[in-house]
Amino acid sequence: MKKICVWSGPRNVSTAFMYSFSQREDTIVVDEPLYGHYLRISGAKHPGRHEIMQKINCDGNEVMRILMAQKSLHHKILFLKQMCHHLQRINRDFLLKTDNIFLIRDPKEVLPSLTKQLPNVSIRDTGLDLQWQLFQELSSAGKSPVVIDSKELLINPKNILVQLCEHLSIPFLKEMLSWEPGPIKEDGMWAKYWYQGVHRSSGFMPYKPKPDLSVELLSLFNECRPYYDNLFKHALNATHNE
């Protein structure tokens with residue numbers, strides 16, 4: 001069973017990306033399996049924190065051991081939507097057994113939205129520093145991680161998904177480009193706080209530029225930008241082979 005980890009930052013298109021893979025009949029998708037672990041380790045005051053921690057497994061190492069041992073007679077792919085900043089104080093050996101995708105987004109577009117949910121946001125909340133660190137570690141270990149930039153994905157979803165599937169050695173399916181509006185059964189219990197936009201969608205939304213950053217966010221943006229730029233150099237291109 002092929003196991004895929006998508007390492008995203010928040011306020012990206014990761015949920016739509018998960019919905020895309022959920023349309024595949026050969027795929028099981030799991031929504032942020034390390035969220036409970038992250039809340040326990042970090043103490044982050046996220047919406048629904050106490051309810052989430054009461055109802056899901058908060059031992060990240062055990063969670064990943066169970067998932068990595070998972071087998072299926074009817075599914076060929078296990079797709080794990082992950083947040084990179086959830087990887088705290090956890091054994092990362094499983095990453096050498098998974099196909100890894102880094103889903104990135106320009107911090108200029110992330111920060112205004114993120115600060116609405118997390119008023120005291122830091123670079124660690126964006127995950128960009130950890131994404132770059134992990135990309136380097138996996139590359140040095142001989143892995144071939146994929147980088148997908150949300151803007152490139154939204155400009156040409158089919159082209160990016162075709163390239164991705166080729167890299168993963170799985171067939172591209174046109175069903176990945178659309179879905180029925182509303183939640184899916186695989187949504188995490190935190191969907192009510194974060195997924196309103198995706199629940200109104202029926203596919204990847206067209207890319208729309210965001211307004212300029214406020215002065216208050218410029219310092220954090222400047223801290224985030226080098227990590228984003230380093231990752232973007234490796235990103236799939238929306239116009240590749242067109």
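- Glu152 places a side-chain N or O within 3.5 Å of a backbone atom of Ala238 that can act as its donor or acceptor partner.
- The existence of a salt bridge linking Arg24 and Asp26 is confirmed by a sub-4.0 Å separation between a basic side-chain nitrogen and an acidic carboxylate oxygen.
- In this structure, the side chain of Glu223 does not engage the main chain of Ser219 through any donor-acceptor pair within 3.5 Å.
- Side-chain polar atoms of Thr98 and Asn100 form a donor-acceptor pair below 3.5 angstrom.
- Proximity of a side-chain donor or acceptor of Asp31 to a complementary backbone N or O of Asp187 within less than 3.5 Å is not detected.
- Counting heavy atoms from C-beta outward, Phe17 and Val29 have side chains that stay 4.5 Å or more apart.
- The pair Asp99-Lys143 does not meet the salt-bridge criterion, since no charged nitrogen lies less than 4.0 angstrom from a carboxylate oxygen.
- Ile77 and Ile28 are members of different hydrophobic clusters when ILVMFWY side chains are connected at heavy-atom separations under 4.5 Å.
- Leu161 CG to Leu173 CG: the interatomic distance, rounded to the nearest 0.5 Å, is 10.0 Å.
- Taking the six-membered ring for Trp and thresholds of 30 and 60 degrees, Phe135 and Trp132 have nearly parallel ring planes, at less than 30 degrees apart.
- With respect to Tyr35, the side-chain hydrogen bond (donor to acceptor under 3.5 Å, both in side chains) criterion is satisfied by exactly one of His86, Arg40, His46: His46.
- Between Lys81 and Glu186, none of the side-chain N atoms (NZ, or NE/NH1/NH2) sits under 4.0 Å from a carboxylate O, so this pair counts as no salt bridge.
- In this structure, Trp179 has its ring center under 6.0 Å from that of Phe204.
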